[in-house]
Amino acid sequence: MSNDKTQGIGFFQKYLTIWVALCMAAGVLIGKFLPVIPTFLNQFEYARVSIPVAILIWVMIYPMMMKVDFKSIKNVGKNPRGLFVTWIANWVIKPFTMYAIASLFLYVVFKGFITPDLAKEYLAGAVLLGAAPCTAMVFVWSTLTKGDPAYTVVQVATNDLIILIAFVPIVKFLLGVSNVSVPWDTLILSVVLFVVIPLTGGIFTRLLVTKRRGLEYFEKQFLPKFDNATIVGLLLTLILLFAFQGDTILNNPLHILLIALPLTIQTFLIFFISYIPCRWLKLPHNIAAPAGMIGASNFFELAVAVAIALFGTSSPAALATTVGVLTEVPVMLILVKIANKTTQWFPKPSPDIK
């Protein structure tokens, strides 16, 4: 990986919000003027899962899963306080603050703009985002804040394992509170399809390639080949989703902003819920910054996939999760700036942290 790449965000990632907006426009235009395309693609479904969207989501998630080194988990015992902050913020606090903030805005503040039925589905999409903390883009945010890369890998690896256990019951509980009926089997199938399978594939690919060619080849030459696959998969998925959502968006363009506002507030809140306790615990900045970033950003690929499996490609819930993609990069870049301007809050890292 070249030095400038480690120092900054990639071209596609830096302008991701612009690409998302263009894909949104392209998708809506396809849905409006070429409705035969989404109608044709909608035929390819199995157990309510859209096969074209599932393939594109695998293209997105699989390269990310290869980046996670599960051997790093043996380092969990080294300075576990940062991990405790990450775990508590991500799994004990974040899903429930997302539910509370989204409910407040969708049912109370925006009551005059959104019907109760729409609010319920938008809330379901927000819940899926809140229960899926980031496992991929956090590597970018960690790099931009000069986070400890080895520690970030441990945070991500443990997070991926917790997702396997905690995601389904948390989503089931919060959607149940929202009076949204979700079958266990569909939820479990979604996690198997979009976490277990790509995660297992990523682990085996990493093991096989490193065994044959070495870790340096894997990280410097093999992984970079897939960099653009994730972004292309994401953008094509968004075009499809917005093609399915064309009528909803054209009839309710204001709703994009109404969904974005609570998601943005939640992102800032969770960042500070993680970041400030790291200061109190006197953790170094290169651990505190990634701890804040991993909770603040979302595993939106998983949220989008599960929303489609549960509610369908043209559902308001799927639209809410795609708005999460739209807000992710600009908000996270603001948080990166905040983190980089507050390095003096934290002590210098000591050699035993790594």
Ignoring hydrogens and geometry, is there a side-chain-to-backbone donor-acceptor pair from [X] to [Y] under 3.5 Å?
{"X": "R81", "Y": "L283", "result": "no"}
{"X": "W58", "Y": "L193", "result": "yes"}
{"X": "Q266", "Y": "K94", "result": "yes"}

Intermediate values then yes/no, side-chain contact (heavy atoms from CB on, under 4.5 Å), V306 and V171: CA-CA 10 Å; V306 177; V171 168; 5.6 Å; no
Is the shortest heavy-atom distance from the side chain of [X] to the side chain of [Y] under 4.5 Å?
{"X": "F299", "Y": "L128", "answer": "no"}
{"X": "F268", "Y": "I334", "answer": "yes"}
{"X": "Q155", "Y": "L83", "answer": "yes"}
{"X": "L144", "Y": "L333", "answer": "yes"}
{"X": "H255", "Y": "L118", "answer": "yes"}

Between I239 and L235, does the side-chain contact (heavy atoms from CB on, under 4.5 Å) criterion hold? Intermediate values first, please. CA-CA 6 Å; I239 290 172; L235 298 182; 5.5 Å; no
Determine whether [X] and [Y] fall in the same hydrophobic cluster, where Ile, Leu, Val, Met, Phe, Trp and Tyr are linked whenever their side-chain heavy atoms lie under 4.5 Å apart.
{"X": "V209", "Y": "L207", "value": "no"}
{"X": "L164", "Y": "V168", "value": "yes"}
{"X": "I165", "Y": "I163", "value": "no"}
{"X": "Y62", "Y": "L208", "value": "no"}
{"X": "V177", "Y": "Y107", "value": "yes"}

Nearest 0.5 Å, please: how far is [atom2] in [Y] from [atom1] in [X]?
{"X": "C23", "Y": "L236", "atom1": "SG", "atom2": "CG", "result": "7.5 Å"}
{"X": "L281", "Y": "F84", "atom1": "CG", "atom2": "CZ", "result": "11.0 Å"}
{"X": "L310", "Y": "S315", "atom1": "CG", "atom2": "OG", "result": "9.0 Å"}
{"X": "I265", "Y": "I270", "atom1": "CD1", "atom2": "CD1", "result": "12.5 Å"}
{"X": "L129", "Y": "T322", "atom1": "CG", "atom2": "OG1", "result": "9.0 Å"}
{"X": "E219", "Y": "M66", "atom1": "CD", "atom2": "CE", "result": "12.0 Å"}

So which heavy atom on [X] is nearest to which on [Y], and how close?
{"X": "I256", "Y": "V323", "result": "O-CG1, 3.7 Å"}
{"X": "H285", "Y": "P290", "result": "O-CD, 4.0 Å"}
{"X": "A288", "Y": "Y275", "result": "O-CD1, 3.6 Å"}
{"X": "F346", "Y": "P284", "result": "CB-C, 4.0 Å"}
{"X": "T86", "Y": "I294", "result": "CG2-CG2, 3.4 Å"}
{"X": "L123", "Y": "L106", "result": "N-CD1, 3.6 Å"}

Sorted by first residue and then second, give each ring-ring contact (aromatic ring centres under 6.0 Å, His included) pair with at least one member in residues 220-239; sequence neighbours left out.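 Listed by first then second residue: F218-F222, F222-F226.
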Residues two or more places apart in sequence or in another chain: which of them pass side chain to side chain contact (heavy atoms under 4.5 Å, CB included) with A296?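 Once residues adjacent in sequence are excluded, the partners of A296 under the side chain to side chain contact (heavy atoms under 4.5 Å, CB included) criterion are T267, F271, M332, L335.
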Test of understanding: with side chain to side chain contact (heavy atoms under 4.5 Å, CB included), list the residues that count as partners of I170, not counting sequence neighbours.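 Listed in chain order: W91, P95, A131, A166, L174.
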Do other residues, nucleotides or ligands put more than 12 heavy atoms under 6.0 Å from the CZ atom of F204?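 No.
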List the steps and the verdict of side-chain contact (heavy atoms from CB on, under 4.5 Å) for V336 and M293. CA-CA 8 Å; V336 164; M293 298 296 168; 3.9 Å; yes
For the ring pair F113 and F105, is the centre-to-centre distance below 6.0 Å?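 No - the distance between ring centres of F113 and F105 does not fall below the 6.0 Å cut-off.
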F173/Y99 under side-chain contact (heavy atoms from CB on, under 4.5 Å): CA gap, chis, key distance, verdict: CA-CA 11 Å; F173 170 73; Y99 176 83; over 6 Å; no
From the options D117, L319, T321, select the one residue that forms a side chain to side chain contact (heavy atoms under 4.5 Å, CB included) with Y122.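 Between Y122 and the candidates, side chain to side chain contact (heavy atoms under 4.5 Å, CB included) is satisfied uniquely by L319.
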